[in-house]
Amino acid sequence: MQKRLLIVSNRLPISIEKNNEGYSFRQSSGGLISAVGAYLKGQGGEVFSEKVWTGVPDCDEATWSLASLSHGGADYDFLPVFPSTSDYENYYNGFSNSVLWPLFHYFPSLADYRPDFFRAYERVNEQFAEKLSPLLHEGDTVWIHDYHLMLLPGLLRKKNPGITIAFFLHIPFPSAELFRVIPRGWQKALLEGVLGADLIGFHTAEYVSHFLKSLELSLGVEQEDDYITYQHREIKADAFPVSIDFSLYDSAHSLEKVSLAKDKYLAIKGDKKMIFSVDRLDYTKGIFNRLRAFEHFLTTNPSYFGKIVFIMVVVPSRHSIFQYSDRKKRIDEFIGRLNSTMGTISWQPVIYQYDHLSFEDLLGLYTACDVALVTPLRDGMNLVAKEFVASRNDNMGVLILSEMAGAAFELTESLLINPNDVLEMAEMIRVALEMDPREQGRRLSVMRERISRYDVNAWALDFFTQLDRVKERQKKLDIRFMDAFSKSVLLNAYAESAHRLLLLDYDGTLVPFSPQPENASPGEPLLSHLSALSSDPRVSLFIISGRDSATLEKWLGHLPIGLIGEHGAKVKAIGGTWAVAIEDMAAGWKKEIRPVMEEMVSRTPGSFIEEKDFSLAWHYRKTEASLGLKRAGELSGRLREITPGLSLDVVDGNRVIEVRNHGINKGRAVENILKEKQNSFILCIGDDHTDEDMFRVLAGKKGAFTIKIGNQASLADYNLHSPHVVSSLLGTIIDFPDQDNTVQ
């Protein structure tokens, strides 16, 4: 079945041109446009029957209306968005490029945290959502691109919950420590916005790691098994290093215009060596350090005077932002000084152009130069490096590449340098110029093979394949989650049964987890539900918890229900008193186990020990998640080495490691209850590993309904999202109208 793809970016991929007949469209060039276009001309064209591109055009609404009359033949239908001039300025040059761009590229001192910038960013993202939402229907795929639109996935998810949304970030995602420099409310909005997507793509695994850490620190959201669980949805974040149309660059030498351009630059080169670099004007590109390195190279290698030329092309960008205009002034002055002090009448070390390059000139320079110098201070990917490698089917030339570019993770055979180390860069220029041709060929052939395998079409195909897998996983989980039909079956079974047994865990099931366990006392709604259920003579209700008996008695002892504490070590029958289910063997082993846990408390901020009559528990719910998981693994391993001879079990719970007497578990407690009570209906609900013992005992038992809280795999029949949904289910059971018409 064919579907509709809506691509969303800040700008539409077209320019409006005025001609004798009025206005016309001209498709723009760029990495994103070629990437999407290559995929849709291949396999993507068979999947998506309709392609719509949404973005801001480079004209006003009146001009667009005139131009759109003659846009037939375009690769896409276009959906334009028209923000006000002031909103667009504060959204684009303001928040996007004066906050997110510098911060995400590790220039925090250049970020300008103006509230009016963020308000405009919110308004423009909302305008995109308002434009798209009325047109969307289930089955559509929305592919949102880049840092300008980080709020949009969340806005669309709220308005259109059933659609498929993907988001790809084309710049780096910074370390969590740097991301937290952003005002807290903005952090939350940006992360929650991106989490509206089903699949979130980054260039490298490093950026994925930074994003996940930011989720943990800013929102308390964690990852499990490569998936993020947020607002009852599973979301995947993964690395997809964007690539190029390899065949286009590989075969470009056969084009006449490219051949002519190459000959032109070879004539300029003559018998000299040639270094080439091309960048958009930006402080992240490391242009100034590159010039300093070249100057140092000439100073330390005077034999190259008159025998080398550095062709540097800088493409104009963002003139209205001060940091950019100031950067150009400094570059102009440096090149002028370098050429005047080191050059001669017949030789200039640097040939400098501040302008755009045609495709033919770009390929001519790629194929004529001896060294490509790509040295950004920080770059999401950098396709120039890949274009140079793809263009060199002669297997000649050397790539010097910044290790701070995303491309460095793939192009490991290049000469990798630290872009802040001018001396290292100067030395690598010498190494590149003097590299043996056979070594050049060996390095280039490996990189060319790698890029040819994962070209732009493979990139897009990989992305959409992963998106399909995410959606399939979500569908499978939706089947496990209790839907309206399953809920109806449960309610009818409850209404028709004469003897009903309810087995309910406490923490994480009836109440959410609290950083302080003592603060998780039952509220009035829960007490009301438990009282109403237990007042029915046909109902036997048990709370089966890892809590100690004193706490359970204090909170729930006044109700006519059964209480089971410490996973079954202590039992209070309905209407009875507390009894010990096992012989007290705790006194001896606690002296041996406690010091091990205390050592881990001292090494793990936020962790603490809870002592019960028959167990010791080390909690790490207040600990930073990655540290807590690391320490939990260490502690669990050490305890398992100690406990085999002590008749103890080590249990990994929900952010807790517990040591207890062997043979005590919730499953055993349920078996004892079942021996005493005959029930035609059983409802058992729990949330963590310790509750699986109950589900195991009840598996396949007639009349039993087992429910796991959360989306983890389980022996339970169904899943529910949260304690809030459990409360709703219990309320529905209480109010179900047919309860009085049961079979006696």
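For clarity, every value in this text was computed on a predicted model and none was experimentally measured.
Among pairs with a residue in residues 417-426, none fulfils side chain to side chain donor-acceptor pair (under 3.5 Å), at least two apart in sequence or across chains. Here side chain to side chain donor-acceptor pair (under 3.5 Å) pairs that include residues 176-186, with residues two or more places apart or in two chains, number zero.
Side-chain atoms of Asn393 come within 3.5 Å of backbone atoms of Asp250 as a donor-acceptor pair (strictly under, hydrogens ignored).
Between Phe240 and His203, the distance separating the two ring centers is not shorter than 6.0 angstrom. Checked against the 6.0 Å centroid criterion, the rings of His296 and Phe294 do not qualify as a close aromatic pair. Less than 6.0 angstrom separates the ring centroid of Trp101 from the ring centroid of Tyr147. If you look at Tyr207 and Phe173, their ring centroids are not closer than 6.0 Å. Taking the six-membered ring for Trp and the full ring otherwise, Phe82 and Tyr88 have centroids separated by 6.0 Å or more.
Ion pairing between Arg157 and Asp198 holds under the 4.0 Å rule for side-chain N and carboxylate O. Using a cut-off of 4.0 Å between Lys/Arg side-chain N and Asp/Glu carboxylate O, Asp58 and Arg11 are scored as not salt-bridged. Here Arg430 pairs with Glu427 in a salt bridge; the nearest charged N to carboxylate O distance falls below 4.0 Å. Salt bridge absent: Arg442 and Glu413 never bring a charged side-chain N and a carboxylate O closer than 4.0 Å.
Phe334 meets the ring-ring contact (aromatic ring centres under 6.0 Å, His included) test with Phe288; sequence neighbours excluded. Residues forming a ring-ring contact (aromatic ring centres under 6.0 Å, His included) with Phe409 (at least two apart in sequence, or on another chain): none. For Tyr91, the side chain to side chain donor-acceptor pair (under 3.5 Å) test picks out Asn10, with sequence neighbours left out. Residues satisfying the ring-ring contact (aromatic ring centres under 6.0 Å, His included) test with Tyr249, not counting sequence neighbours, are Phe359.
Between Arg290 and Thr375, the side chains place a donor N or O and an acceptor N or O closer than 3.5 Å (distance only, hydrogens not considered).
Summarising the geometry of Ala239 relative to Thr204, their closest heavy-atom pair is CB-C, 3.5 Å, with the distance given to 0.1 Å.
Using the six-membered ring where Trp is involved, Phe464 and Trp143 have ring planes that are perpendicular, over 60° apart on the 30 and 60° scheme.
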